[in-house]
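Encoded as structure tokens, the structure appears first; notes follow it.
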Amino acid sequence: MDHFMELLETRRTYRRFEQREISQDIIDDILTAARLASSAANRQPLTYIVIKEPDKVAGVFAHTKWAGALPPEQGQPKEEERPVLFIAVVENLAVNPDCDTDAGLAIGNMTLAAWNRGVGSCIIGACNKPALAEMFGLTQSQALHTVVAFGYPSHASRVVDMEDPTQFKYYLDEKRDYCVPKRRLSDVVRYL
Ligand SMILES: Cc1cc2nc3c(=O)[nH]c(=O)nc-3n(C[C@H](O)[C@H](O)[C@H](O)COP(=O)(O)O)c2cc1C
């Protein structure tokens, strides 16, 4: 259990990566973790597209935005810092059009399974969905939920206590490591 809580604590969003391939074995773990996630009425409306060839990864990257809280020169990965893998999460609307929670659970499992193998990730909601949907050949009954970027991190990221409830933006410290303010338990929990 301690290991699991440590996994949760250290599984942060990573935005700079080593240019090192991720083995298929690890990709299989990530996809299996998505497959095993809970699903409303067990309908399982999600499918996944794996993008791992470098030129295709670059094509997807071109349609993604990183670290909205930071100036681009700080938050946008430079060419030698980019992720080496994307997995797109696709909603199959005929199976269940209301699958945002399913997607969140699957993405949570994916990022944890990756981190369990030392692979960091960044969930990318800020992407050009029409352009990516066309690139992925999605049909009328499919919608792109998110793309998730993966790679071996080349920076650290740590949780810090949020001192001021309005200061939720993450920031970089002097070593360019990410600091992620989280609200204290006492600020978010009430026992009835
Ligand atoms: C639904 C969702 C969409 C996100 N979209 C982006 C994004 O487009 N670009 C980005 O750099 N980070 C994105 N993130 C990452 C968040 O910024 C990050 O989770 C947050 O700053 C907290 O950091 P943590 O994941 O380390 O706790 C997204 C996260 C979630 C949950």
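Indexing begins at 1, ligand by ligand and atom by atom, following the structure's order.
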Per-pair distances, 0.1 Å, donor-acceptor, side chain in residues 107-116, under 3.5 Å, sequence neighbours excluded:
unit_1	atom_1	unit_2	atom_2	d
Asn109	ND2	Ala33	O	2.9
Thr111	OG1	Ile107	O	3.3
Thr111	OG1	Gly108	O	3.1
Trp115	NE1	Thr10	O	3.4
Trp115	NE1	Thr10	OG1	2.7

Please determine, by modelled atom types, if [X] and [Y] share a side-chain donor-acceptor pair under 3.5 angstrom.
| X | Y | answer |
| --- | --- | --- |
| Gln24 | Lys52 | yes |
| Thr166 | Asp164 | yes |
| Asn92 | Ser141 | no |

Of all the atoms in ligand 1, which lie at a distance below 4.0 Å from a heavy atom belonging to [X]?
| X | answer |
| --- | --- |
| Ile124 | 5 (N), 6 (C), 7 (C), 8 (O), 9 (N) |
| Arg12 | 24 (P), 26 (O), 27 (O) |
| Cys122 | 10 (C), 11 (O), 12 (N) |

Can you find an N or O of [X] that's nearer than 3.5 Å to an N or O of ligand 1?
| X | value |
| --- | --- |
| Lys182 | yes |
| Val180 | no |
| Gly125 | yes |
| Ala67 | yes |
| Thr13 | yes |

>> I'd like to know whether NZ of Lys175 has more than 12 heavy-atom contacts from other residues, nucleotides or ligands below 6.0 angstrom.
In response: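 Counting neighbours around NZ of Lys175, 12 or fewer heavy atoms of other residues, nucleotides or ligands fall under 6.0 Å, so no.
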
Does atom CD (Glu79) have a neighbourhood of more than 12 heavy atoms from anything else shown, all under 6.0 Å?
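Not more than 12 within 6.0 Å, no.
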
Specify the protein heavy atom at minimum distance from [atom]: its residue, its atom name, and the distance to 0.1 Å.
| atom | value |
| --- | --- |
| atom 16 (C) of ligand 1 | Arg15 NH2, 3.8 Å |
| atom 28 (C) of ligand 1 | Ile123 O, 3.3 Å |
| atom 9 (N) of ligand 1 | Lys65 O, 3.0 Å |

Looking at Arg183 and Asp161, does any basic side-chain N land under 4.0 Å from a carboxylate oxygen?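 Answer for the salt bridge query: no.
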
_Testing Tyr170, Tyr14, Tyr171 one by one against Tyr178 for a side chain to side chain contact (heavy atoms under 4.5 Å, CB included), which residue passes?_
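In the set Tyr170, Tyr14, Tyr171, the residue that makes a side chain to side chain contact (heavy atoms under 4.5 Å, CB included) with Tyr178 is Tyr170.
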
**Message:** Between Leu31 and Ile87, is there a side-chain heavy-atom distance shorter than 4.5 Å?
**Reply:** yes

Query raised in the report: Where the closest heavy atom to atom 8 (O) of ligand 1 is concerned, which of Ala69, Ala126, Gly68 has it?
Result: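 Looking at heavy atoms only, Ala126 sits closest to atom 8 (O) of ligand 1.
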
Counting heavy atoms only, which of Tyr170, Tyr178, Trp66, Phe168 is nearest atom 21 (O) of ligand 1?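 The option holding the nearest heavy atom is Tyr170.
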
Ligand 1-proximal atoms of Arg11, by part, heavy-atom distance under 4.0 Å |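 Arg11 to ligand 1: side-chain contact only, backbone stays beyond 4.0 Å.
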
